[in-house]
Amino acid sequence: MISKVIKWSISIQLLLLVALPPAMAEEAKRAQPVELAPNAVSSVIIDADSGTVIHDKNKDARLPPASITKIMTMLLIMEALDQGKLKLDEKVRTSEYAASMGGSQIFLEVGEEMTVHDMLKGIAMASGNDASVAMAEKIGGTEQAFVRMMNERAAQLGMKNTHFVNPNGLPAENHYSSAYDIALMSKELLKHEAITQYTGLYQDHLRKESPKPFWLVNTNKLVRFYSGADGLKTGYTSEAKFCLSATAKRDNLRVISVVMGEPDTKTRNAEVTRMFDYAFSQYTNLPIYKTGDSLGELRIGKGEVPVVPLTATHPYSLLLKKGEAADGIRHEVQLRTDLKAPIAAGDSIGKIVVYKGDQVLTEFALEAPVNVNKAGWWTLTKRTAKRMFFLD
């Protein structure tokens with residue numbers, strides 16, 4: 001009887017030894033984060049409003065970005081338009097150097113003039129290397145000067161794993177970026193809501209009224225085949241493989257998905273689609289401010305304009321897991337009280353702080369919307385007099 005018990009005990013122990021490792025392996029597998037882009041060298045998904053990372057894989061790896069580089073080129077174009085340095089109907093002349101670019105192009109001829117509007121279409125849809133250089137020379141004076149602007153802007157955005165050598169992404173030594181940095185500059189570009197009028201088009205024409213019309217078809221096929229997709233930029237070189245920074249919006253939620261080093265376009269598009277599906281099925285957001293909402297007034301000591309009204313230049317929202325309670329979430333606009341002229345557009349002026357109870361959930365930096373020069377002596381004297389006589 002005792003021997004039977006011993007044999008039974010040994011049998012149970014052997015069974016446990018055989019069965020336990022697979023069970024433990026299965027449990028470990030369930031604990032691991034889902035793999036959304038297994039064929040990509042690097043990937044990331046972020047919420048476009050808050051910048052919250054939803055999922056990532058090797059997001060900080062320095063890799064050749066190919067034509068995704070043009071997101072920074074488009075960002076500087078949109079900022080120049082906002083600053084009044086460019087107009088959409090302004091003509092841009094093509095230099096011999098710009099016309100000589102190989103790879104993807106819109107076949108600009110030396111001396112040909114094209115509007116900024118059409119150049120943007122050529123960059124966003126057809127990934128025109130020639131159009132990118134033509135715009136770089138227009139804004140920076142030279143390609144080299146424009147590249148310096150690109151790297152300065154990258155540093156301002158906190159892109160720690162990026163260095164640009166050209167404005168189009170053609171292969172070059174020491175030209176690199178990361179999936180997360182690309183997501184950061186994509187987020188910044190999307191603050192210019194008009195950009196999706198270009199990146200979201202599937203097909204259009206250049207030189208439509210000329211003897212040589214040029215048909216444009218967007219290199220990012222997701223803008224046609226994925227509901228809500230409206231950008232942003234594809235990239236390919238033999239070194240970089242297939243890359244994509246894509247964005248899509250459903251309801252109030254806009255996400256950015258970046259993949260680098262994919263083996264082919266089919267895999268690239270399938271994995272970005274999976275990333276989008278995951279984000280939209282698992283997350284929602286809580287709107288805080290919509291574009292154009294008032295954020296209050298900014299008071300500036302000794303400024304030509306003492307009070308500047310503030311409005312939201314883009315949406316602000318909080319990313320939430322679906323089913324997560326929004327009870328107790330509140331926000332405050334906290335503006336600096338020590339500001340004195342001169343103030344430059346883009347200077348830090350405060351922040352929006354989002355709380356749940358007393359816990360800080362996230363913060364959004366606020367920047368000066370305009371330049372405010374220091375008021376002259378006579379203006380300051382009149383203000384002082386008004387205050388003294390209770391006329392202000």
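Keep in mind that this is a model prediction, so the values were computed, not measured.
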Worksheet item: Should Lys233 and Asn220 be marked as a side-chain contact (heavy atoms from CB on, under 4.5 Å) after you check the CA-CA gap, both sets of side-chain angles, and the distance that decides it?
Response: CA-CA 7 Å; Lys233 192 70 199 70; Asn220 178 11; over 6 Å; no
Fill in: Donor + acceptor pair across side chains of Thr362, Ser50 (<3.5 Å)
no
Discussion item. Is there a salt bridge (Lys or Arg N to Asp or Glu O under 4.0 Å) between Arg93 and Glu113? Walk through the geometry before answering.
Written reply: CA-CA 4 Å; Arg93 186 181 180 279; Glu113 292 188 338; 5.5 Å; no
Discussion item. As a quick check of understanding, evaluate side-chain contact (heavy atoms from CB on, under 4.5 Å) for Asn269 and Leu244, giving each step before the final call.
Written reply: CA-CA 8 Å; Asn269 292 347; Leu244 176 61; 4.0 Å; yes
Worksheet item: In this structure, are over 12 heavy atoms from other groups packed under 6.0 Å from Asp251 atom CG?
Response: no
Worksheet item: Are more than 12 heavy atoms from other residues, nucleotides or ligands located less than 6.0 Å from atom CG of Asp358?
Response: no
Item to complete: Scan side-chain atoms only and decide if Thr162 and Asp181 contain a donor-acceptor pair under the 3.5 Å cut-off.
Response: yes
Worksheet item: Is the closest side-chain heavy-atom distance between Phe146 and Glu137 below 4.5 Å?
Response: no
Item to complete: Decide yes or no on side chain to side chain donor-acceptor pair (under 3.5 Å) for His192 and Asp82, but give the supporting numbers first.
Response: CA-CA 9 Å; His192 303 269; Asp82 280 358; 2.9 Å; yes
Discussion item. Can you confirm whether Asp293 sits close enough to Lys290 that some side-chain heavy atom of one is under 4.5 Å from a side-chain heavy atom of the other?
Written reply: yes
Worksheet item: Side-chain donor-acceptor pair under 3.5 Å between Thr267 and Glu262, yes or no?
Response: no
Worksheet item: Ion pair present between Asp230 and Arg254, side-chain N to carboxylate O less than 4.0 angstrom?
Response: yes
Item to complete: Step through it carefully: locate the ring centre of Tyr289, locate the ring centre of His331, and say whether they are under 6.0 Å apart.
Response: yes
Discussion item. Contact between Met78 and Lys191 at the side-chain level, heavy atoms closer than 4.5 Å - yes or no?
Written reply: no
Fill in: Donor-acceptor contact below 3.5 Å, side chain Lys322 vs main chain Gln282
no
Discussion item. Donor-acceptor check, side chain of Asn129 to backbone of Ser104, threshold 3.5 angstrom: yes or no?
Written reply: yes
Item to complete: Tell me whether the guanidinium CZ or amine NZ of Lys59 lies under 6.0 angstrom from the six-membered ring centre of Tyr180 and within 45° of its axis.
Response: yes
Worksheet item: Got Ile182 and Pro65 here, is their nearest side-chain heavy-atom distance under 4.5 Å?
Response: yes
Discussion item. With a 3.5 Å distance limit and no angle check, can you tell me whether Asp264 reaches the backbone of Lys266 through a side-chain donor-acceptor pair?
Written reply: yes
Discussion item. Run the ring pair (Phe, Tyr, Trp, His ring centres under 6.0 Å) test against Tyr202 and tell me which residues pass, sequence neighbours left out.
Written reply: none
Discussion item. Within the structure provided, determine whether Lys70 and Ser132 are in side-chain contact (heavy-atom separation under 4.5 Å).
Written reply: yes
Worksheet item: Can a cation-pi geometry be assigned to Lys321 and Tyr283, taking NZ or CZ under 6.0 Å from the six-membered ring centre and within 45° of the ring axis?
Response: yes
Discussion item. I'd like to know if the side chain of Asp47 and the backbone of Leu253 have a donor-acceptor N/O pair within less than 3.5 Å.
Written reply: no
Worksheet item: Is the shortest heavy-atom distance from the side chain of Lys187 to the side chain of Ile46 under 4.5 Å?
Response: yes
Item to complete: Applying ring pair (Phe, Tyr, Trp, His ring centres under 6.0 Å), name anything that partners His175, two or more places apart in sequence or on another chain.
Response: Phe164
Practice prompt. Step by step, work out the side chain to side chain donor-acceptor pair (under 3.5 Å) result for Glu367 and Ser348.
Written response: CA-CA 5 Å; Glu367 299 174 344; Ser348 173; over 6 Å; no
Fill in: salt_bridge(Lys121, Asp118) N-O dist < 4.0 Å
yes
Worksheet item: Distance-only, no hydrogens or angles: does the Asn218 side chain make a donor-acceptor pair with backbone N or O of Lys221 under 3.5 Å?
Response: no
Discussion item. Under a 3.5 Å threshold, yes or no: a donor from one side chain and an acceptor from the other, between Ser127 and Ser67?
Written reply: yes
Discussion item. Could you check whether any side-chain N or O of Lys212 sits under 3.5 Å from a backbone N or O of Arg207, counting only pairs where one atom can act as donor and the other as acceptor?
Written reply: no
Worksheet item: Would a 4.5 Å heavy-atom cut-off, applied to side chains only, mark Met149 and Ile139 as touching?
Response: yes
Fill in: Check against side-chain contact (heavy atoms from CB on, under 4.5 Å), Met74 and Leu120
CA-CA 7 Å; Met74 290 190 287; Leu120 259 175; 4.2 Å; yes
Worksheet entry | Where Ile54 and Ala279 come nearest, the two heavy atoms and their spacing | CD1-CB, 4.2 Å
Discussion item. Which label fits Phe214 and Phe107: parallel for a plane angle under 30°, tilted from 30 to 60°, or perpendicular past 60°?
Written reply: perpendicular
Discussion item. Looking at Ser257 and Val272, would you say the former's side chain and the latter's main chain have a donor-acceptor pair under 3.5 Å?
Written reply: no
Worksheet entry | Passing option when Val92 is tested against Lys138, Met114, Glu112 for side-chain contact (heavy atoms from CB on, under 4.5 Å) | Lys138
Discussion item. When you compare the side chains of Asn39 and Glu271, does any donor N or O come within less than 3.5 Å of an acceptor on the partner?
Written reply: yes
Worksheet item: When you measure from the centre of the six-membered ring of Tyr355, is the NZ or CZ of Arg330 under 6.0 Å away and within 45° of the axis?
Response: yes
Worksheet item: What are the two closest non-hydrogen atoms of Val165 and Ala172, and how far apart are they?
Response: CG1-CB, 4.0 Å
Worksheet item: Around Arg299, counting heavy atoms of other residues, nucleotides and ligands shown, do more than 12 lie under 6.0 Å from its CZ?
Response: no
Worksheet item: Does Thr237 use its side chain to pair, donor to acceptor, with the backbone of Pro171 at less than 3.5 Å?
Response: no
Practice prompt. Spell out, as yes or no, whether a donor-acceptor pair under 3.5 Å connects the side chain of Glu90 to the backbone of Lys87.
Written response: yes
Fill in: Any Leu361 side-chain heavy atom under 4.5 Å of Gln359 side chain
yes
Worksheet item: Counting only N and O atoms by type, is there a donor-acceptor contact under 3.5 Å from the side chain of Asn168 to the main-chain atoms of Thr69?
Response: no
Worksheet item: In this structure, are over 12 heavy atoms from other groups packed under 6.0 Å from Glu96 atom CD?
Response: no
